[in-house]
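One structure below.
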Amino acid sequence: MTFSAVQSEIRPVQWNGHACVLIDQTVLPGIYRTIEIRTSDQMATAIRTMIVRGAPAIGVAAAFGMVLGWQEAPQDDPITHLERVAATLRATRPTAVNLFWAIDRMLTVARREPSFARLEREATAILEGDIATCRAIGEHGLLALPAAPERLRLLTHCNAGALATAGYGTALGVVRSAHREGRLERVYADETRPRLQGARLTAWELVHERIPVTVLADTMAAHVIGRGLVDAVVVGADRIAANGDTANKIGTCGVAIIAKHYGVPFFVAAPWSTVDGNLPSGDQIPIEQRDSEEMRAIEGVALCPQDVEFYNPAFDVTPAPLITGIIVESGVYAPGELAAAGQAQLGR
Ligand code: MRU
């Protein structure tokens, strides 16, 4: 099955009234297939194995995981069951705070208005809200990008696109808006070892929309930025601390250091649901450690000698002083302005 034969807009998480339909992101770009998720345990597995991935997308998926949990719950005590489902979903991936934000929001609603229809409505609101949020991020980001040159060369890391959200994307939302306005020359997409979200997913999305994209090995960023081929860097985020320190896919911090060295602006694009106002700084952000198999082999072909040891943190933290601006749905803030802006916006 090819993607374009099926639908034109990328929607990684969809609800069909009784089950959730996920695009299987583990097999793209070679295979486009969807998987029907019918139980909350299946949803937890899909998040853990990265069939669905990207901070906002796993939040949306977890929200529907809670709807599935309600469907499974005994009638006499559904809330106790839902709390168990919440614990299972929370244990899937530790870094992206959107997961916890969405689960908490669903639990709050369930305790107040315990009904399937209400939970279904809330999960749908989270999904639709995320698409609107990404579009707003795209518009604000467009205004924050350098005014010159007229047509920009943007570099991104990992995949913060439609696949990583409910649709449209955060960093790629900015890219999409720039492309629509005729302000984009090209995107450089870091391949993003070890799981290659840049090469596999970002490139797939952009090729699908005929947005010019060049894939780089991660080792090439300093050379390409140093040669003056990049006007700005735009990345997504998994969790942003109150001081603006930002956890994102491993390798992001290195790109930020390179951008700072060469005087290239470095933007983080994310919804407010990615901002964790409870954490004063990034050193408290939990960093997921993943299986060493992700590094040892690609598609079963060994890259290293048999008994070598690996270190496989999935995320790193970019210190706030390396970040030019944080693009959220309400505007663009310097990292130091974020906490006050969050309080004004969300009462945090
Ligand atoms: O491990 P992943 O693929 O879930 O990591 C994804 C990222 O790091 C994204 O950049 C981040 O979640 C932002 S998605 C809009």
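Whatever order the structure lists them in is the order used to number ligands and atoms, beginning at 1.
- Within the 4.0 Å heavy-atom cutoff, Gln25 does not count among the residues contacting ligand 1.
- Applying the 4.0 Å criterion to heavy atoms of Gln197 picks out, from ligand 1, the atoms 1 (O), 2 (P), 3 (O).
- Ser273 and Asn98 form a side-chain donor-acceptor contact under 3.5 Å, judged by distance and modelled atom types alone.
- What sits closest to atom 7 (C) of ligand 1 on the protein, heavy atoms only, is Asp238 OD1, 3.3 Å.
- Annotation: salt bridge (charged side-chain N to carboxylate O under 4.0 Å, His left out) contacts involving residues 165-183, sequence neighbours excluded, comprise Glu139-Arg180, Arg176-Glu205, Arg176-Glu209.
- Residue pairs satisfying the salt bridge (charged side-chain N to carboxylate O under 4.0 Å, His left out) criterion with at least one member in residues 76-91, sequence neighbours excluded, are listed as follows: Glu83-Arg111, Arg90-Asp104.
- Nearest to atom 6 (C) of ligand 1 among the protein's heavy atoms is Arg53 NH2, 3.4 Å.
- For the residue pair Thr95 and Ala247, the shortest heavy atom distance occurs at CG2-CB, 4.1 Å.
- Within the 4.0 Å heavy-atom shell around ligand 1 one does not find Ala314.
- The backbone and the side chain of Lys249 each have at least one atom closer than 4.0 Å to an atom of ligand 1 (non-hydrogen atoms only).
- Closest heavy-atom approach to atom 4 (O) of ligand 1 within the set Arg93, Met50, Glu288: this belongs to Arg93.
- Annotation for ligand 1: atoms under 4.0 Å from non-hydrogen atoms of Thr165 are 15 (C).
- Taking the centre of each ring, Trp70 and Phe116 stay at or above the 6.0 Å mark.
- At the shortest separation from atom 10 (O) of ligand 1 among protein heavy atoms lies Asn248 OD1, 2.6 Å.
- The minimum heavy-atom distance linking Leu89 with Thr92 is given by the pair O-OG1, 2.6 Å.
- With Val175 as the fixed residue, the side chain to side chain contact (heavy atoms under 4.5 Å, CB included) test singles out one of Val234, Val213, Ile211, Leu145: Ile211.
- Ligand 1 lies out of reach of Leu201, whose nearest heavy atom is not under 4.0 Å from it.
- Ligand 1 places these atoms under 4.0 Å from at least one heavy atom of Ala160: 14 (S), 15 (C).
- No N or O atom of Thr170 sits closer than 3.5 Å to an N or O atom of ligand 1.
- With contacts defined as side-chain heavy-atom distances shorter than 4.5 Å, the pair Leu119/Met106 qualifies.
- Remark: Lys260 is not positioned above the aromatic ring of Phe266, lacking an NZ or CZ atom under 6.0 angstrom from the ring centre and at most 45 degrees off the axis.
- Contacts between Ala55 and ligand 1 below 4.0 angstrom, taking non-hydrogen atoms only, involve backbone and side chain alike.
- At least one heavy atom of Ala237 lies less than 4.0 angstrom from ligand 1.
- Closest protein heavy atom to atom 14 (S) of ligand 1: Ala164 CB, 3.4 Å.
- Using a 4.5 Å heavy-atom cutoff, the side chains of Asp190 and Cys158 are not in contact.
- Using a non-hydrogen distance threshold of 4.0 Å, His157 does not register as a contact of ligand 1.
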